[in-house]
Enquirer: 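Right, I'll just put the structure down here and ask away after.
Residue numbers start from 1 in every chain, and the chains themselves are labelled A, B, ... in the order their sequence lines are given, proteins ahead of strands. Small disclaimer: the values here were computed from a predicted structure and weren't measured.
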Amino acid sequence: MIDTKALRQEQIEKARQVIRHDSFVTTSTSAIPASTPFTPELIAGADVGFEKNGTVTRAAIAVLHYPSLELLEYQVARIDTVLPYIPGLLSFREYPALMAAWQKLNLRPDLVMVDGQGIAHPRRFGVASHFGLLADIPTIGVAKSRLCGEHPPVGDAVGSYQPLMDHAEQIGVVWRSKKRCNPLYISIGHKVSLDSSVFWVEQCMKGYRLPEPTRWADGIASNRPFFRQTMQKNL
DNA sequence: GCGACAG
DNA sequence: ATCTTGTCGC
């Protein structure tokens, strides 16, 4: 059986290592100051899906150039599924495949947007934080629905937002990325502040519900015709 | 005890 | 997440 008790404990311990402020580092120089004076050159999106009745876990990472948001590279990794889906323990199921895809990458993204929660998690250790910590890369959690926390209704206008609260602690921002679409749940993954997280997601929007990095990772993974065509056109 | 519950 | 066509609404 699965020792869920131990996995939850592991989350609590690893969550202490998550860095919640901007801590971008260039390939050469030292750490870059807080806030957003730093501009990433490469932003990636990561998404995980399942095949063969859930027995195979497939991760896709798409690397885009910023600010052009053009696709520069993508890698897909397939591994045997290691764990069933258990709410709150999603990262243990998904991060092995993410690491495999990560290691295939030739480019080194400055920032990765992960499909799922960051610290907007019961133990503050969602898949975006887990992956960011283990790959030691700045990450942002961009989820399509809520895992925990509460928030007031978000306004209908694009750009409207509400804080995602867990008791007295703000764990994320619920942000309307597109009209008549459910809002996005944005949270700190690792080494990116909440303000910066929302900022970079905004900078990566191109009229769809999802920011381009995540949208591309999603499209590549699901093998949809439009993405295949545009992919071959550019790569 | 009864719901809620990322992907 | 995944199985899947048409269809309702803006």
Side-chain angles (χ1 to χ4, degrees), chain A residues 2 4-5 7-8 10-11 14-15 18 45-62 76-101 112-133 139-151 154-158 164-167 171-190 194 197 201 207-211 213-226:
Chain A
I2 304 155
T4 56
K5 175 94 170 172
L7 294 179
R8 287 181 221 284
E10 187 179 337
Q11 292 182 320
K14 286 192 168 148
V18 171
D47 182 52
V48 177
F50 299 86
E51 302 173 354
K52 307 272 180 185
N53 262 328
T55 56
V56 172
T57 302
R58 176 232 314 119
I61 298 183
V76 177
R78 275 171 243 265
I79 65 168
D80 289 332
T81 298
V82 299
L83 199 76
Y85 170 65
I86 302 170
L89 298 180
L90 175 74
S91 69
F92 290 104
R93 172 172 162 87
E94 301 196 337
Y95 92 88
L98 284 172
M99 292 304 294
V112 183
M113 292 183 186
V114 181
D115 188 346
Q117 313 289 352
I119 66 168
H121 177 280
R123 291 164 293 284
R124 309 293 182 262
F125 202 63
V127 63
S129 298
H130 197 152
F131 173 70
L133 185 67
T139 58
I140 296 171
V142 182
K144 298 184 292 297
S145 63
R146 185 192 69 96
L147 203 216
C148 66
E150 300 91 41
H151 65 87
V154 181
D156 292 328
V158 172
L164 178 61
M165 307 293 294
D166 190 7
H167 299 88
I171 56 178
V173 163
V174 190
W175 187 70
R176 178 139 270 136
S177 59
K178 183 176 183 182
K179 202 153 192 171
R180 296 185 303 279
C181 283
N182 293 324
L184 260 27
Y185 290 73
I186 302 170
S187 60
I188 291 171
H190 184 52
L194 184 54
S197 294
V201 169
Y208 298 92
R209 177 159 86 125
L210 300 178
T214 292
R215 194 174 77 85
W216 270 104
D218 206 43
I220 289 163
S222 58
N223 211 25
R224 289 194 296 260
F226 169 77

Enquirer: Quick check against the 3.5 Å criterion: does A:R124 have a side-chain atom that pairs as donor or acceptor with the backbone of A:H121?
Expert: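 A pair under 3.5 Å: yes.
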Enquirer: With distance as the sole test, does A:S177 use its side chain to make a donor-acceptor pair with the main-chain N or O of A:R209 at under 3.5 Å?
Expert: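 Yes, because the side chain of A:S177 sits within donor-acceptor range (under 3.5 Å) of the backbone of A:R209.
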Enquirer: Using a 4.0 Å heavy-atom cut-off, does A:G141 contact any base of the nucleic acid, only the sugar-phosphate backbone, or nothing at all?
Expert: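 Nothing: the residue A:G141, judged by heavy atoms under 4.0 Å, touches no strand.
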Enquirer: I'd like to know if the side chain of A:R123 and the backbone of A:A15 have a donor-acceptor N/O pair within less than 3.5 Å.
Expert: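 Not a single qualifying donor-acceptor pair exists.
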Enquirer: Rounded off to whole Å, could you give me the NZ-to-P distance for the A:K144 and B:dA6 pair?
Expert: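 To the nearest whole Å, that distance equals 11 Å.
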Enquirer: Mind checking if A:N53 touches a base, just sugar-phosphate, or nothing, with heavy atoms under 4.0 Å?
Expert: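 No contact.
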Enquirer: Rounded to whole angstroms, how far apart are CD1 on A:I119 and C1' on B:dA6?
Expert: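 The distance from CD1 of A:I119 to C1' of B:dA6 comes to 15 Å, rounded to the nearest Å.
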Enquirer: Wobble G-U and Watson-Crick pairs count when both distances are under 3.5 Å; given that, what is the 5' to 3' dot-bracket string of DNA chain B, with | for pairing to other strands?
Expert: .......
Enquirer: Any chance you could lay out the side chain to side chain donor-acceptor pair (under 3.5 Å) test for A:T81 and A:T55, step after step, and finish with the verdict?
Expert: CA-CA 5 Å; A:T81 298; A:T55 56; 5.9 Å; no
Enquirer: Send over the distance from A:F125 CZ to B:dG7 C1', rounded to a whole Å.
Expert: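 In whole Å, B:dG7 C1' and A:F125 CZ are 17 Å from each other.
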Enquirer: NA contact type, A:L89, heavy-atom cut-off 4.0 Å: base, sugar-phosphate, or nothing?
Expert: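 It contacts base atoms.
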Enquirer: Taking only the side-chain nitrogens and oxygens of A:Y185, find out if one of them lies under 4.0 Å from OP1 or OP2 of B:dA6.
Expert: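 No.
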Enquirer: Rounded to the Å, how far apart are A:F50 CZ and C:dA1 P?
Expert: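 Rounded to whole Å, this separation is 9 Å.
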Enquirer: Looking only at the aromatic ring of each residue, does the gap between the centers of A:H190 and A:F131 stay below 6.0 angstrom?
Expert: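 That pair fails the under 6.0 Å test.
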Enquirer: Applying side-chain contact (heavy atoms from CB on, under 4.5 Å), run through A:K144 and A:D115 and close with a yes or a no.
Expert: CA-CA 8 Å; A:K144 298 184 292 297; A:D115 188 346; 2.9 Å; yes
Enquirer: Over all strands shown, is A:G49 touching base, sugar-phosphate only, or nothing at heavy-atom distances under 4.0 angstrom?
Expert: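 If one applies the 4.0 Å heavy-atom cut-off, A:G49 turns out to touch the sugar-phosphate alone, with no base involved.
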Enquirer: Counting only N and O atoms by type, is there a donor-acceptor contact under 3.5 Å from the side chain of A:Q117 to the main-chain atoms of A:G172?
Expert: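 Flag not set: sc A:Q117 to bb A:G172 has no pair under 3.5 Å.
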Enquirer: For C:dT2, does either OP1 or OP2 sit under 4.0 Å from a side-chain N or O belonging to A:K52?
Expert: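 Negative; the distance criterion is not met.
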Enquirer: Can you list everything that forms a salt bridge (charged side-chain N to carboxylate O under 4.0 Å, His left out) with A:E10? Sequence neighbours excluded, please.
Expert: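 Checked A:E10 against salt bridge (charged side-chain N to carboxylate O under 4.0 Å, His left out); matches are A:K14.
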Enquirer: Within the 4.0 Å heavy-atom criterion, would you say A:E94 contacts the bases, only the backbone, or no part of the nucleic acid?
Expert: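 Sugar-phosphate only.
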Enquirer: Can you check each nucleotide of nucleotides 5-10 of chain C against protein heavy atoms at under 4.0 Å and return B for base, S for sugar-phosphate only, - for none, in 5' to 3' order?
Expert: -----S
Enquirer: Taking atom P of C:dA1 as reference, at what distance in whole Å does atom CG of A:D47 sit?
Expert: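 For the pair A:D47 CG and C:dA1 P, the rounded distance is 7 Å.
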Enquirer: Once side-chain contact (heavy atoms from CB on, under 4.5 Å) is applied, do any residues pair with A:V158, and if so which ones, sequence neighbours excluded?
Expert: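 Expected list: A:K179.
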Enquirer: So, the side chain of A:R78 versus the backbone of A:V56: is there a donor-acceptor pair under 3.5 Å, distance only?
Expert: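 Side chain of A:R78 to backbone of A:V56, a donor-acceptor pair under 3.5 Å: no, none is there.
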Enquirer: Could you state the CZ-C1' distance from A:R124 to B:dA6, rounded to the nearest angstrom?
Expert: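 From A:R124 CZ to B:dA6 C1': 14 Å.
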Enquirer: With a 3.5 Å distance limit and no angle check, can you tell me whether A:R176 reaches the backbone of A:G155 through a side-chain donor-acceptor pair?
Expert: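 Judged by distance alone, yes, a pair lies under 3.5 Å.
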Enquirer: In what stems does DNA chain C take part, counting only runs of at least 3 consecutive Watson-Crick or G-U pairs whose two distances fall under 3.5 Å?
Expert: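 Runs of three or more consecutive pairs: none qualify.
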Enquirer: Rounded to whole angstroms, how far apart are OH on A:Y95 and C1' on B:dG7?
Expert: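 Going from OH in A:Y95 over to C1' in B:dG7 covers 17 Å.
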Enquirer: Hey, are the side chains of A:F125 and A:L133 touching, using non-hydrogen atoms and a 4.5 Å cut-off?
Expert: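 In contact.
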Enquirer: Do A:V82 and A:T57 touch side chain to side chain, with heavy atoms closer than 4.5 Å?
Expert: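 Contact flag for A:V82/A:T57 side chains = no.
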Enquirer: Mind running side-chain contact (heavy atoms from CB on, under 4.5 Å) on A:I86 and A:I2 for me, showing each step along the way?
Expert: CA-CA 10 Å; A:I86 302 170; A:I2 304 155; 4.3 Å; yes
Enquirer: Give the rounded distance in Å between these two atoms: CG of A:L147 and C1' of B:dA6.
Expert: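 After rounding, the reported distance stands at 4 Å.
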Enquirer: Which atoms of nucleotides 1-4 of chain B (N or O only) lie under 3.5 Å from a protein N or O atom, and what are those distances?
Expert:
none

Enquirer: After noting the C-alpha distance and the side-chain angles of A:R180 and A:D156, does the key distance pass the salt bridge (charged side-chain N to carboxylate O under 4.0 Å, His left out) rule?
Expert: CA-CA 7 Å; A:R180 296 185 303 279; A:D156 292 328; over 6 Å; no
Enquirer: Any side-chain N or O of A:S145 under 4.0 Å from OP1/OP2 of B:dC5?
Expert: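 For B:dC5, neither OP1 nor OP2 has a side-chain N or O of A:S145 closer than 4.0 Å.
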